[in-house]
Amino acid sequence: MKVFGMPLFHPDMWELLFKFGINITVLFILIRLIYYPIHRKKDYLFTYFLFNVLIFFLCVLLNSVKLSIGFAFGLFAIFGVLRYRTEQISIKDMTYLFAVITIAVINSLASKKVSLAELLFTDGMILLVTFALEHLWLTRHEAMKQLIYERIDLIKPANRAQLFQDLQQRLGVKVSRVEVGRIDLLRDTAQMRVFYYEDEQDHGSFMDAPRDDGDD
């Protein structure tokens with residue numbers, strides 16, 4: 001039976017449901033069970049889940065109409081290089097974004113030449129490596145703040161202890177290390193990156209939104 005030339009039901013529907021079931025299960029484990037308990041960023045849950053589902057169905061549609069893989073990955077790259085202007089996204093969050101896109105592409109484009117064991121092994125290794133990096137290796141997340149520091153007399157190596165004490169009192173965080181950038185002797189200021197471990201602080205933090213440089 002057809003409606004406007006389109007078949008009402010196609011046997012490939014069962015294959016689509018099966019692939020989508022695997023994809024959403026892997027996504028749930030990666031984002032809800034591995035990512036969220038550590039980073040606690042609810043806004044990104046929406047982005048990661050919706051991005052994955054959109055990429056999955058986009059790839060399924062492109063694959064069904066016999067478009068080339070190169071074209072599909074071209075669209076995938078467009079989604080991947082999207083620049084978030086409302087809030088700066090960290091490297092780690094961007095890595096998770098690429099991970100959810102990759103999982104959608106892998107599960108949606110898996111053909112009959114790929115065995116179920118290979119597909120499950122690939123998804124399983126992504127989850128295993130991510131879990132190992134988060135819980136067994138990179139157990140502590142080091143956050144960073146950029147600032148303009150006016151007491152350049154404290155940036156001398158001999159005044160390192162005083163510098164750390166001053167930053168801790170003014171920022172309210174236990175500083176682990178600092179990096180000194182450009183020094184302006186005319187204004188007596190220096191660019192500085194201050195690093196600290198989030199699990200040692202009593203509060204969370206966020207990165208400021210980047211300035212709009214008007215290059216839209």
Side-chain angles (χ1 to χ4, degrees), residues 16 18-63 69 72-110 114 118-146 173 176-177 179 193-201 203-212:
L16 171 62
F18 180 72
K19 288 182 178 180
F20 184 74
I22 294 177
N23 176 72
I24 205 68
T25 301
V26 174
L27 178 67
F28 181 82
I29 295 174
L30 177 68
I31 300 303
R32 187 62 183 86
L33 302 184
I34 297 178
Y35 172 80
Y36 183 72
I38 298 175
H39 302 281
R40 297 287 179 184
K41 297 178 180 177
K42 291 183 178 179
D43 292 343
Y44 289 163
L45 290 183
F46 174 85
T47 301
Y48 291 150
F49 274 94
L50 193 57
F51 235 94
N52 176 273
V53 173
L54 291 175
I55 293 294
F56 177 86
F57 287 118
L58 178 64
C59 291
V60 168
L61 177 62
L62 293 177
N63 193 40
I69 291 294
F73 272 94
L75 291 178
F76 158 74
I78 292 175
F79 281 104
V81 300
L82 281 177
R83 181 182 177 187
Y84 279 43
R85 303 298 300 273
T86 54
E87 183 176 354
Q88 186 174 350
I89 185 171
S90 67
I91 295 177
K92 200 168 189 178
D93 292 327
M94 181 63 74
T95 304
Y96 270 97
L97 179 61
F98 275 98
V100 299
I101 294 174
T102 302
I103 289 173
V105 173
I106 291 175
N107 291 313
S108 61
L109 296 182
V114 178
E118 291 174 311
L119 182 61
L120 294 178
F121 174 78
T122 303
D123 289 333
M125 286 304 298
I126 293 175
L127 296 176
L128 181 62
V129 171
T130 305
F131 180 84
L133 289 174
E134 289 282 18
H135 293 273
L136 303 179
W137 187 17
L138 304 176
T139 56
R140 306 182 71 188
H141 179 244
E142 190 177 40
M144 181 268 292
K145 290 182 180 295
Q146 298 186 57
V173 296
S176 60
R177 61 189 176 94
E179 292 180 354
R193 291 179 176 178
V194 180
F195 296 86
Y196 57 94
Y197 291 106
E198 288 189 335
D199 57 351
E200 294 180 347
Q201 319 307 323
H203 54 79
S205 61
F206 64 93
M207 302 181 69
D208 293 334
R211 292 182 178 180
D212 187 358

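Fair warning: this is a prediction, and the values are worked out from it, not measured in the lab. These numbers come from the heavy atoms of this one structure, side chains and all, not from hydrogens, waters or symmetry mates.
A donor-acceptor pair under 3.5 Å is formed between the side chain of N107 and the backbone N or O of I103. Listed for the S176 side chain is a donor-acceptor partner under 3.5 Å among the backbone atoms of F195.
Looking at Y36 and L30, their side chains never come closer than 4.5 Å, going by heavy atoms from C-beta outward. K92 has its side chain within reach of E134: a pair of non-hydrogen atoms, C-beta onward, lies under 4.5 Å apart. Side-chain contact check for I24 versus V53: some heavy-atom pair is nearer than 4.5 Å. The closest side-chain heavy-atom distance from L16 to F57 is below 4.5 Å. Side-chain atoms of D93 and T47, non-hydrogen and from C-beta on, never get closer than 4.5 Å to each other. Counting heavy atoms from C-beta on, the side chains of L119 and D123 come closer than 4.5 Å.
The one candidate from I101, V100, V26 that meets the side-chain contact (heavy atoms from CB on, under 4.5 Å) condition with N52 is V100.
Annotation: F20 is in aromatic contact with F56 [ring centroid separation under 6.0 Å].
The structure places CZ of F121 at 9.0 Å from CG of L128, a figure rounded to the nearest 0.5 Å. Between the CZ atom in F98 and the OG1 atom in T102 there is a gap of 8.0 Å [rounded to 0.5 Å]. Interatomic distance, T130 OG1 to L33 CG, rounded to the nearest 0.5 Å: 12.5 Å. Note that OH of Y96 and CD1 of I31 are 7.0 Å apart. Values are rounded to the nearest 0.5 Å. Rounded to the nearest 0.5 Å, atoms CG (L27) and CD1 (I22) are 13.5 Å apart. Atom-to-atom distance recorded for R177:CZ and Y197:OH is 7.0 Å, nearest 0.5 angstrom.
Across all non-hydrogen atoms, the minimal contact from K19 to S108 is NZ-O, 3.5 Å.
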